[in-house]
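This report refers to the structure that appears directly beneath it.
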Amino acid sequence: MSVDVVIPESESEAVEAYGDGSDITVIAGGTIVMQLLNYQRFEPSKVLLLAHAGMSYINMPVKEQGQNDGSTVTVGATTPLADLTVLASPLGACAANVADDEIRGQATLGGNLCSPAPPEHPSGDLQGALIALDAMVRSTGADGEKSEQIEDFLPHRSDRLALDVSFEPPASGAFAAFRRPHAHHYTPLAVSGATSADGTVRLGVTGAGDFGIRLNAAEAAADDPEAAGEASLTDVTMADDAIISGWYREQLLPTLVKRVLNEMKDGS
Amino acid sequence: MKLEVNGVNREVRSEPLTPLLDVLREELDVTSPKAGCHAGGCGACTVMVDGKPRRSCLIPVAAVDGASITTVEGLGTPKDPSAVQQSFIHHYAAQCGFCTPGMVVAATAYIDGGGSDDKDEIAKAISGHVCRCTGYTKILDAIAAATKQTEFDITIIAPDPTTVTIGGSE
Ligand SMILES: Cc1cc2nc3c(=O)[nH]c(=O)nc-3n(C[C@H](O)[C@H](O)[C@H](O)COP(=O)(O)OP(=O)(O)OC[C@H]3O[C@@H](n4cnc5c(N)ncnc54)[C@H](O)[C@@H]3O)c2cc1C
Ligand code: FES
Ligand code: FES
């Protein structure tokens, strides 16, 4: 197998090499793609390896040390998840829940955001946290560079090269997930919540579909965490996988939603 | 491509997407990192990349061109094992030994990073590592002891040094 491997040294070189994205496989941290390559699950003809593209950064304007002044946070696509764990909940807590230290040091924001629809299991936990944060994704592809809301980006993420993600720091945030003591390959179900400066509550879930989903019905009932938990079931269609069944996911989701809303109330 | 493996500069001729694990084992003959799953799920392949523990089965070698790689062979020698290696011997923390190189590298990184003897913290640090033999208790004991002590009471029965091959040195 002969693969053409392009290794850009800047974002602009990466954008140029990606072009319209046809016939090119992106490898960022490689924690998903390398598994597929090792097991010959696919054979790429051209690979864009982002390891040296210099797209790992967190731009977070600060008033005083450690304190955000409320302006936009921008995170480069190849920023490792380990670097995100210092951020406020839900993104920081969500990143800290992914796998273990070794994987988090290698796995990237972009790889998580663009992780493929699950053949066997979900793998894009940050999608839920970024939905809760109403994040904007800057990407490039066939129609050039554009910025769009994460919910618009997710359905066509496999046709885009994600460049960075930006969001306003939330007034409060929370994250809750199915617990697993050993680092399995995925988190079966996770809920993220964020309250913006104007008091709007947003909720995102992962592990309940092909990619992260916004829990609209639960948000509408957010003042009553119990009712919001029940309402969340109308937002999703659950499936079975090796760790938990769709039935168990349905039992779990209302509890996670309730936990996130209560934690945000307590924290605000 | 180039790698510094256990302090020795090595040329690499494998294809750029070859996992670092395969480059170490098959091209450079450094066989301590083990291929347990080739999917990031067992930790048997963990090595240090520029001082940080990483699953070598998931790293395309081109991504770490020029990096410094440390495997368990680079942490100590059979005659002069590191504190973590001594502690694993002293606490009987290895049975079949398949997971041990990855465990020792992860434990060393944990201690180098200022990790304490708190067993919950140690368990988190090795949560990506699977051991099918020991039941983990002795591994946790060994790592906890190595956070406090650098010398252990062990008898070293090292092979004749003239016949010892330490991976990575040529
Ligand atoms: C043991 C283990 C445990 C794990 N646990 C979890 C978990 O708990 N939660 C979780 O969410 N995930 C988990 N994962 C999956 C994975 O590690 C993460 O999702 C990670 O963030 C993927 O990032 P990456 O950079 O390694 O992805 P890569 O493998 O490099 O890429 C993943 C996908 O995204 C595409 N891609 C990468 N970067 C970009 C970009 N900038 N623009 C467009 N497309 C891009 C690739 O083409 C590929 O399709 C686990 C993996 C392992 C091995
Ligand atoms: S072989 Fe790398 S984690 Fe199992
Ligand atoms: S000692 Fe056998 S797998 Fe750990």
Side-chain angles (χ1 to χ4, degrees), chain A residues 1-9 25-53 56 78 80 82-83 85 96-108 111 120-121 123 179-186 242, chain B residues 1 14-22 33 35-67 102-103 105-110 112-113 115 119-132 136:
Chain A
M1 176 182 77
S2 157
V3 189
D4 178 14
V5 181
V6 184
I7 308 177
E9 291 189 356
T25 300
V26 178
I27 300 185
T31 60
I32 292 174
V33 180
M34 287 301 286
Q35 295 182 49
L36 302 174
L37 290 178
N38 288 346
Y39 283 88
Q40 281 123 36
R41 299 276 286 274
F42 80 119
E43 281 192 16
S45 52
K46 189 172 178 187
V47 160
L48 182 64
L49 186 61
L50 295 180
H52 304 289
S56 169
T78 64
D83 291 2
T85 59
N97 185 66
V98 171
D100 61 90
D101 281 342
E102 293 169 23
I103 297 288
R104 286 194 293 270
Q106 186 182 338
T108 69
E120 286 114 22
H121 56 69
S123 55
R179 212 185 139 263
R180 62 270 102 136
H182 181 79
H184 288 293
H185 272 84
Y186 65 104
Chain B
M1 289 176 288
S14 298
E15 293 291 322
L17 297 184
T18 312
L20 174 63
L21 172 64
D22 296 9
C37 65
H38 255 127
C42 74
C45 67
T46 293
V47 302
M48 290 205 206
V49 177
D50 292 331
K52 300 273 180 1
R54 296 284 180 263
R55 306 280 223 285
S56 61
C57 68
L58 296 182
I59 300 179
V61 65
V64 292
D65 185 10
M103 289 283 189
V105 169
T108 303
Y110 171 74
D112 287 353
K119 297 266 173 80
D120 289 340
E121 289 303 313
I122 297 171
K124 255 191 237 161
I126 60 162
S127 70
H129 293 250
V130 177
C131 175
R132 293 296 83 165
Y136 301 100

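Nothing here was measured: the structure is a model prediction, and the numbers come from that model. Lettering follows sequence order; numbering is per chain, from 1.
Using a distance-only test at 3.5 Å, with no hydrogens or angles considered, a donor-acceptor pair links the side chain of A:H52 to the main chain of B:A63.
Counting heavy atoms from C-beta on, the side chains of B:L17 and A:I27 come closer than 4.5 Å. Using a 4.5 Å heavy-atom threshold, the side chains of A:I103 and B:R55 count as touching. Within the 4.5 Å cutoff, the side chain of A:Q106 has heavy atoms near those of the B:I59 side chain.
The two residues A:D100 and B:G128 come nearest to each other via the heavy atoms OD2-CA, 3.7 Å.
No other option in B:C57, B:A125, B:A106, B:G43 has as many heavy-atom pairs under 4.5 Å with chain A as B:C57. Between chain B and the residues A:A51, A:G30, A:G105, the most heavy-atom pairs under 4.5 angstrom are made by A:G105.
Neither the backbone nor the side chain of A:V33 comes within less than 4.5 Å of any heavy atom of chain B. In this structure, chain A has a heavy atom under 4.5 Å from the side chain of B:P16, while its backbone stays farther away.
Taking NZ of B:K52 as the reference point, atom CD of A:E102 lies at 12.5 Å (rounded to 0.5 Å).
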